[in-house]
Amino acid sequence: MLTVHIDGKTTTIPAGGTILDAARKLDIDIPTLCYLNLEDLKVNNKAASCRICVVEVEGRRNLAPACATPATDGMVVKSNTLRVLNARKTVLELLLSDHPKDCLVCAKSGECELQDLAEKFGIRESPYDGGEMSHYRKDVSPSIIRDMDKCIMCRRCETMCNDIQTCGVLSGVNRGFTAVVAPAFEMNLADTVCTNCGQCVAVCPVGALVENDNSWDVVDALADPDKVVIVQTAPAVRAALGEDLGIAPGTSVTGKMAAALRRLGFDHIFDTDFAADLTIMEEGSEFLDRLTRYLGGDQTAKLPILTSCCPGWVKFFEHNFQDMLDVPSTAKSPQQMFGAIAKTYYADMLGIPRDKLVVVSVMPCLAKKYERARPEFSVDGNPDVDIVISTRELARLIKRMNIDFASLPDEDFDAPLGESTGAAPIFGVTGGVIEAALRTAYELATGETLQKVDFEDVRGMDGVKVATVQVGPHELRIGIAHGLGNARKLLNRVREGETFHAIEVMACPGGCIGGGGQPYHHGDIELLKLRTQVLYAEDAGKPLRKSHQNPYIIELYEKFLGKPLSEKSHHLLHTHYFK
Ligand code: HC1
Ligand code: SF4
């Protein structure tokens, strides 16, 4: 252990720690911008590029960046001298000299770490203003807007994209004032292997990377008297929406969210959780079909089945595992199953044509915006899901419409597409989809009642988990990964011949609860754990906890689909993948 003294206080930290680690242990606030340390994910942004965290170290002539300077035993540090403050002020003035001052209309205004520091340091103008500012074109993908005029070269996005997600889309190009983070050849993001996961957006401290905001499209649809506008909310949204609306993290806001959506003017308030139950019916049946054929010696039966509900993951395997495109489940994601059922079964119930019905999704995910726009999810140019907004965009809409969220009563979703079992909310957590599938697969395979529905072995935040689960006579080997880098590791093990029967992958840390459209998590794993607890509690509190028990799903099969994997189910609820 090392003993470190900062501003007259003393602490000890393990060897290898930095001055910043010691300061945080002492609750001494040293500002940071480029710093990003996701300890549980074993990732550290090593850029040390912004220099806002400089401190004085006794015995050293130069100021030292606290985030990148290893602590030594007996080190004496001053974190807040006049010299330090002046250096930080100069750093900010230099950053602002090449940064647009359009805070009034910036998507990140109010949540921008640079704006917060400029305000804290009372920066009113920069002595370095006056030169030509560099200008870049805006790059707009279905999910993300890149505005590189605002890039401060902190490189956090690169760390997320390259080290955690292993997508390798972003890297620093050019020198001096023209330096930015960009895809190779400065291509459009949409033309690269970007998965739209949005993890670069989740960690950008400024407005250089933001979601493609569709909240005004929702307002336009709601204002159109010729349309019936319905909404579905993803499992993970309810675990985090409150954070942007003044409610403590770790609080479920399911009932208030339904109430707020009703007050926003949606005609019917539905739930993606309903479609999560439907996904389990289709994916679980597909799994059992493949497993039975595989165990019977059918060489064409591919295992492990891979979950296919995460669109970032789908695009990742389409780019990186082209030799395995027949391995993932063909089941569409719950978002897309919901859209397909809404625009057929439900539109028929209402007696309206599909183009009169507008389906809005609220998702924790930016890739869902890209997913809804995939051409295979449209019929004659009319998409199954019309508009996707993120959790953050919904929070903005609620504020924009002057809805006092905290004092709303708890309300219910509408029937029939709003009912769900406990198996559905846990879709939003890493391990949850496979747990939900196991509950149903067990009962379908054995014909027996599953007594203990909690599969503890598939839960938890480890990046790659492997569990063995007994389903009747079969001992199944299950793999689970969250974060695309972990998914790559797991899939490489499959390629090398390791046996798995089923694998769940979610692109984002912790699963959808850590999605790129959620309130900014700033790499705080403890916050993600709180969100996780919300969803497990919602599951535990439901009277029915297995997807096949959902009475509205049973009715949907009886009245419309026939049975899982029927021709109609295949047509509406299954998809295929592209090289
Ligand atoms: Fe997800 Fe899913 S769990 S992909 O993470 O399968 O976004 O929440 O809606 O579609 O249900 C996201 C979450 C979400 C789908 C479901
Ligand atoms: Fe990389 Fe994901 Fe950002 Fe695309 S969205 S650039 S894959 S981090």
Side-chain angles (χ1 to χ4, degrees), residues 139 141-144 146 156-171 181-183 187-190 192-204 209 211-212 232-241 271-280 283 307-316 319-320 329 331-339 361-372 385 388 390-391 420 423-434 436-437 482-485 504-508 510-518 531 535 547:
D139 173 12
S141 88
S143 301
I144 293 168
R146 288 176 59 241
R156 285 189 194 177
C157 55
E158 273 186 76
T159 297
M160 271 327 249
C161 188
N162 302 337
D163 295 355
I164 293 206
Q165 301 298 59
T166 64
C167 293
V169 177
L170 299 172
S171 57
V181 173
M187 283 195 291
N188 291 330
L189 215 46
T192 69
V193 294
C194 169
T195 63
N196 302 285
C197 72
Q199 286 304 311
C200 51
V201 176
V203 296
C204 177
L209 290 161
E211 67 278 327
N212 190 342
Q232 59 165 325
T233 58
V237 175
R238 67 209 69 198
L241 175 66
D271 198 358
T272 314
D273 284 23
F274 168 85
D277 279 336
L278 183 58
T279 300
I280 290 302
E283 198 171 272
T307 59
S308 54
C309 42
C310 166
W313 158 234
V314 167
K315 191 153 186 280
F316 184 79
H319 288 304
N320 295 285
S329 165
K332 288 182 187 173
S333 74
Q335 159 167 285
Q336 293 307 137
M337 284 201 186
F338 181 96
S361 297
V362 185
M363 293 282 141
C365 167
L366 300 186
K368 290 283 173 193
K369 292 172 183 272
Y370 147 82
E371 181 186 49
R372 71 130 220 119
V385 174
V388 176
S390 64
T391 311
S420 60
I426 58 172
F427 262 59
V429 182
T430 171
V433 177
I434 215 79
H482 60 115
L484 292 170
E504 178 204 292
V505 175
M506 287 293 178
C508 294
C512 295
I513 47 135
Q518 292 281 65
R531 294 177 185 173
L535 297 185
S547 296

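Counting starts at 1 for both ligands and their atoms, in listed order.
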I need the nearest protein heavy-atom contact for atom 5 (S) of ligand 2: residue, atom name and distance, please. Gly198 N, 3.1 Å

Could you list which atoms of ligand 1 come closer than 4.0 Å to a heavy atom of Gln335? 10 (O), 15 (C)

Under 4.0 Å, heavy-atom basis, I'd like to know which part of Leu170 is in contact with ligand 2: side chain, backbone, both or neither. side chain

Tested for side chain to side chain donor-acceptor pair (under 3.5 Å) against Ser547, the lone hit among Thr279, Asp273, Asp277 is Asp277

In terms of atom number and element, which parts of ligand 2 are under 4.0 angstrom from non-hydrogen atoms of Ile144? 5 (S)

Looking only at protein heavy atoms, what sits closest to atom 8 (O) of ligand 1 is Ala236 N, 2.8 Å

Does Cys200 put an N, O or S atom under 2.8 Å from atom 3 (Fe) of ligand 2? yes

Interfacing atoms of ligand 2 (cut-off 4.0 Å, heavy-atom, Thr195): 2 (Fe), 4 (Fe), 7 (S)

Without swapping roles, check the side chain of Arg531 against the backbone of Ile513 for a donor-acceptor pair under 3.5 Å. yes

Could you tell me, atom by atom, which parts of ligand 1 come under 4.0 Å of a heavy atom of Pro334? 6 (O), 10 (O), 11 (O), 15 (C), 16 (C)

the protein heavy atom lying closest to atom 9 (O) of ligand 1 turns out to be Ala234 CB, 3.0 Å

Can you tell me if Asn162 uses its side chain to pair, donor with acceptor, with the backbone of Ser171 under 3.5 Å? no

What protein heavy atom sits nearest atom 2 (Fe) of ligand 2, and how far away is it? Cys197 SG, 2.4 Å

Which atoms of ligand 1 sit under 4.0 Å from any heavy atom of Pro364? 7 (O), 8 (O), 12 (C), 13 (C)

I'd like to check whether Lys368 has a polar contact with ligand 1, where a contact means an N/O of the residue lying under 3.5 Å from an N/O of the ligand. yes

In the protein, which heavy atom is nearest to atom 3 (S) of ligand 1, and how far is it? Phe427 O, 3.2 Å

Please report which non-hydrogen protein atom sits nearest to atom 14 (C) of ligand 1, along with the residue it belongs to and the distance in Å to one decimal place. Pro235 CD, 3.7 Å

Which residue and heavy atom of the protein sit nearest atom 1 (Fe) of ligand 1, plus the separation: Cys512 SG, 2.4 Å

A side-chain contact here means heavy atoms from C-beta on lying under 4.5 Å apart; do Asn212 and Ser143 qualify? no

Nearest heavy-atom approach of Ile434 to Glu504 is N-OE1, 3.0 Å

Determine, using heavy atoms of Gly515 and all atoms of ligand 1, whether some pair is separated by less than 4.0 Å. no

Closest non-hydrogen protein atom to atom 1 (Fe) of ligand 2, residue and atom name please, with distance? Cys161 SG, 2.4 Å

At less than 4.0 angstrom from any non-hydrogen atom of Cys167, what atoms of ligand 2 do you find? 7 (S)

In terms of residue, atom name and distance, what is the protein heavy atom nearest to atom 4 (S) of ligand 1? Cys309 O, 3.4 Å

Would one find an N, O or S atom of Cys194, in either backbone or side chain, under 2.8 Å from atom 1 (Fe) of ligand 2? no

